Amino acid sequence: MLDPTTFLDDLDTLRGIGRHGTGVVRRAFDPDDIRARRWLTDRFAAAGLNPVIDPAGNVWGCGGPILIGSHTDTQPEGGWLDGSLGVIAGLAVARARPGAVSVVSFQDEEGRFGATTGSEMWSGALSLDSADALADLDGITFGAARRALPPTGSAPNPARFRAYLEPHIEQGPILDAAKEAVGIVTAIVGLRQVTVTMAGRQNHAGTTPMHLRADALRGLGTAQDAIATALGDVATPDSVWTIGHVALHPNAPSIVPGRVRFTVQWRDASAARLDRMETAIRRALEDAARASGLRIDISDTAALPPAQMDGALQDVLARAAERDAPGRWRRMPSGALHDATNVARVLPVAMLFAPSIGGISHAFDEDTDRDDLVTMLRVLDRAVGDLA
């Protein structure tokens with residue numbers, strides 16, 4: 001029988017591992033991430049699942065043919081539900097339906113080293129050797145970091161599973177604004193990202209005339225404006241782009257910055273539009289560097305394609321939602337990236353959302369009403385019952 005109380009207690013316990021105020025910090029392979037993964041293996045075993053930590057750091061609770069999961073690593077300032085909800089919901093359904101469900105917490109979904117690294121490896125799109133060479137912003141490699149979590153076995157073969165279901169918070173405002181309880185995901189947008197380095201001339205901030213400066217930070221501002229202009233005729237209202245991580249060198253008050261390193265990421269549901277956005281962004285970056293008198297290096301593009309959710313699985317979730325949240329659910333795309341994008345290469349996949357209060361995520365104040373968490377859990381359990 002489904003036990004919402006234990007489900008919520010497990011979420012609270014997991015929240016306590018790496019807790020920072022109302023949020024959580026568990027970066028992939030940091031000490032709290034490892035504590036959380038070892039705690040999961042104990043919970044999986046107590047639920048009658050066979051726990052396995054694979055070489056990528058993914059944690060598996062092997063049981064039945066319906067795979068449910070997400071991730072338990074977080075952003076540098078993460079919310080308590082992002083990813084964790086899907087893993088703990090899977091665990092709750094596995095307890096309620098012995099023999100029907102397996103559960104997984106994929107590693108590095110939040111991209112400390114790559115982008116959805118653990119599920120990308122399991123889907124066959126990324127080799128272990130290639131993953132080991134990935135480095136975080138401090139130069140630590142995936143291969144070095146994963147030594148802190150020795151594997152206990154191999155990942156299960158995808159052929160043992162019939163379907164993958166990923167419960168998640170919406171991470172956007174639509175369900176909360178509409179006072180709806182459940183979203184059935186139709187598709188996940190694609191993502192592209194490059195890392196850009198602009199280099200000028202480091203110099204004295206007091207003695208270098210403004211017109212003689214090759215200021216790298218000024219180049220970043222020019223690049224931001226150039227990208228916005230270049231995408232004006234390419235992007236749609238649903239397209240998004242972000243300059244995210246910025247590292248300025250030498251980052252001192254009395255020095256004209258000589259180098260800036262930053263990421264540019266863009267997302268859209270159309271692969272063709274992602275291509276057009278990339279062409280516009282690369283041209284804008286080159287133009288901005290030239291106009292600013294800076295040298296520029298643009299990395300190869302990291303890419304994840306748009307992914308369609310399985311229609312039959314969507315229908316199963318929709319029927320369950322109508323029974324447990326009649327009139328309070330909708331079908332909707334996901335603007336956020338998820339492990340389901342990679343798993344779709346090897347299994348039929350579907351996702352369901354619980355609302356995010358205020359549309360807030362990737363922040364310490366991310367939250368969802370507990371009644372909505374339980375409603376989503378009941379929909380998931382009912383759908384698994386129909387599939388099983």
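Not measured: the values here are computed from a predicted model.
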- Task: Please assess Arg146 against Gln107 for the test side chain to side chain donor-acceptor pair (under 3.5 Å), listing each intermediate value before the final yes or no.
- Result: CA-CA 10 Å; Arg146 71 183 180 89; Gln107 180 59 296; over 6 Å; no
- Go through Trp39 and Phe44 one step at a time and tell me if the ring-ring contact (aromatic ring centres under 6.0 Å, His included) criterion holds. CA-CA 9 Å; Trp39 174 82; Phe44 287 168; 8.7 Å; no
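Screening residues 286-311 for salt bridge (charged side-chain N to carboxylate O under 4.0 Å, His left out) gives Asp287-Arg290 as the qualifying pairs, with residues at least two apart or on separate chains. Within the structure, every pair that satisfies the salt bridge (charged side-chain N to carboxylate O under 4.0 Å, His left out) test and touches residues 188-199, not counting sequence neighbours, is listed here: Arg192-Asp275, Arg192-Glu278.
Remark: His71 pairs with Asp73, Asp82, Glu109 by the side chain to side chain donor-acceptor pair (under 3.5 Å) rule, at least two apart or across chains. Looking at residues two or more places apart in sequence or on another chain, you find a side chain to side chain donor-acceptor pair (under 3.5 Å) between Arg35 and Asp32. A search for side chain to side chain contact (heavy atoms under 4.5 Å, CB included) contacts involving Ala181 returns Ala325, Arg328, Asp372, Thr375, not counting sequence neighbours. Every residue two or more places apart in sequence or in another chain was checked for a ring pair (Phe, Tyr, Trp, His ring centres under 6.0 Å) with Tyr164, and none qualifies.
For the pair Leu11 and Leu81, the minimum side-chain heavy-atom distance is below 4.5 Å. The shortest side-chain heavy-atom distance between Arg267 and Ser239 does not fall under the 4.5 Å cut-off.
Between Ile140 and Ala145, the shortest heavy-atom contact is CG2-CB, 4.3 Å.
Taking the six-membered ring where tryptophan is involved, the planes of Phe106 and Trp122 are tilted, since the angle between them lies from 30° to 60°.
Without hydrogens or angle criteria, Thr74 side chain to Arg26 main chain gives a donor-acceptor distance under 3.5 Å.
Side-chain contact of Asp108 with Thr117: a donor-acceptor pair under 3.5 Å is present, judged by distance alone.
In the hydrophobic cluster analysis, where Ile, Leu, Val, Met, Phe, Trp and Tyr join through side-chain heavy atoms closer than 4.5 angstrom, Leu231 is grouped together with Leu274.
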